Amino acid sequence: MTSISRRPLFGGNWKMHKVAAEAEAYCRELPGLVSDALGEVVIFPSPTLLPTTSAGLAGSPIAVGGQDLHPEPAGAHTGDVSATQLVDAGCSWVLCGHSERRRDHGETDAQVAAKAQAAVAAGLTPLICIGESEGERESGRALEVLERQLSGSLAERPEPFALAYEPVWAIGTGKTATPEIAQETHAFLREALADLIGEPAAASKRILYGGSVNPKNAASLFAKPDIDGFLVGGASLDPSQFSAIIRSCGS
Ligand code: 13P
């Protein structure tokens with residue numbers, strides 16, 4: 001596939017962690033630690049922390065995103081958050097289809113596709129997450145599962161979007177994919193993307209790796225040609241760890 005330079009992207013997914021005072025302290029620290037880093041940085045806090053995080057990062061190049069959204073623009077959906085509400089809270093990104101949403105809330109690829117489309121319609125960029133389970137990888141079905149998740153989640157052809165490959169067996173386990181497995185999978189995903197959206201568009205898409213990324217393993221993963229950045233969970237909670245990951249990928 002044509003080689004093209006893609007701007008590295010680093011997402012910090014805080015999951016269900018932090019309260020406002022902790023978010024404020026984090027936002028005072030992170031910008032200075034990544035000011036000379038290469039690439040784009042986005043923090044994904046819980047909905048209650050979005051206004052605090054957006055205000056705390058205002059004036060810095062660090063963006064803010066939601067962790068999920070409802071596909072409808074508004075309505076009777078208790079406990080959910082709409083794309084418009086995310087924009088109103090200062091977001092420019094949103095995660096769609098994280099494996100913990102698929103696991104905890106039974107999200108299907110069709111729902112992920114609808115969410116990604118709703119995000120784009122409101123001016124947000126969806127970071128669409130896919131990943132196979134340990135059993136699927138061990139039984140040799142990982143690529144087949146990923147191809148199905150990819151085509152299902154992109155069924156509405158959102159544009160723009162970025163992709164995150166997060167093998168479920170690597171999330172929060174300390175078991176990172178080796179750079180070789182991650183590269184092989186990312187290259188496969190880029191080929192599969194080319195079949196869906198055409199080769200030039202696929203060549204320009206950022207594909208992030210996620211799953212137990214830390215300051216020690218980031219550089220060897222990032223050295224692979226189809227790994228364009230990371231979606232970091234646990235290690236993104238600490239500004240010095242998260243910035244060390246980002247800085248290990250170039251400054
Ligand atoms: P960990 O980095 O904690 O493994 O989490 C990865 C993840 O799920 C990011 O979305």
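Start at 1 and go down the list; that is how both ligands and their atoms are numbered. No hydrogens, no waters, no symmetry mates; every other heavy atom, side chains included, goes into these values. Since this is a predicted model, take the numbers as computed values, not measurements.
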- For Trp14, check ring pair (Phe, Tyr, Trp, His ring centres under 6.0 Å) against everything at least two apart and list the hits.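 Result, ring pair (Phe, Tyr, Trp, His ring centres under 6.0 Å) vs Trp14: Tyr26.
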
Show the distances, to 0.1 Å, for all pairs joining an N/O atom of ligand 1 and a protein N/O atom that are shorter than 3.5 Å, listing one pair per line.
| from | atom 1 | to | atom 2 | distance (Å) |
| --- | --- | --- | --- | --- |
| ligand 1 | 2 (O) | Gly233 | N | 2.9 |
| ligand 1 | 3 (O) | Gly234 | N | 2.8 |
| ligand 1 | 4 (O) | Gly172 | N | 2.6 |
| ligand 1 | 4 (O) | Ser212 | N | 2.8 |
| ligand 1 | 5 (O) | Lys15 | NZ | 3.2 |
| ligand 1 | 8 (O) | Lys15 | NZ | 2.8 |
| ligand 1 | 8 (O) | His98 | NE2 | 2.9 |
| ligand 1 | 10 (O) | Asn13 | ND2 | 3.0 |
| ligand 1 | 10 (O) | His98 | NE2 | 2.8 |
| ligand 1 | 10 (O) | Glu166 | OE1 | 3.1 |
| ligand 1 | 10 (O) | Glu166 | OE2 | 2.9 |

- Query: Between Arg102 and Asp109, is there a side-chain N and carboxylate O pair less than 4.0 Å apart?
  - Reply: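 Yes, this pair counts.
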
- Residues Lys224 and Glu184 bridged, charged N to O under 4.0 Å: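 Glu184 and Lys224: not salt-bridged.
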
- Item | Pairs touching residues 200-251 that satisfy ring-ring contact (aromatic ring centres under 6.0 Å, His included), sequence neighbours left out |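 Not a single pair qualifies under ring-ring contact (aromatic ring centres under 6.0 Å, His included).
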
- With Asp238 via side chain to side chain donor-acceptor pair (under 3.5 Å) - residues at least two apart: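 Expected list: Ser240.
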
- Do Arg101 side-chain atoms and Cys96 backbone N/O form a donor-acceptor pair below 3.5 Å?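 Side chain of Arg101 to backbone of Cys96, a donor-acceptor pair under 3.5 Å: no, none is there.
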
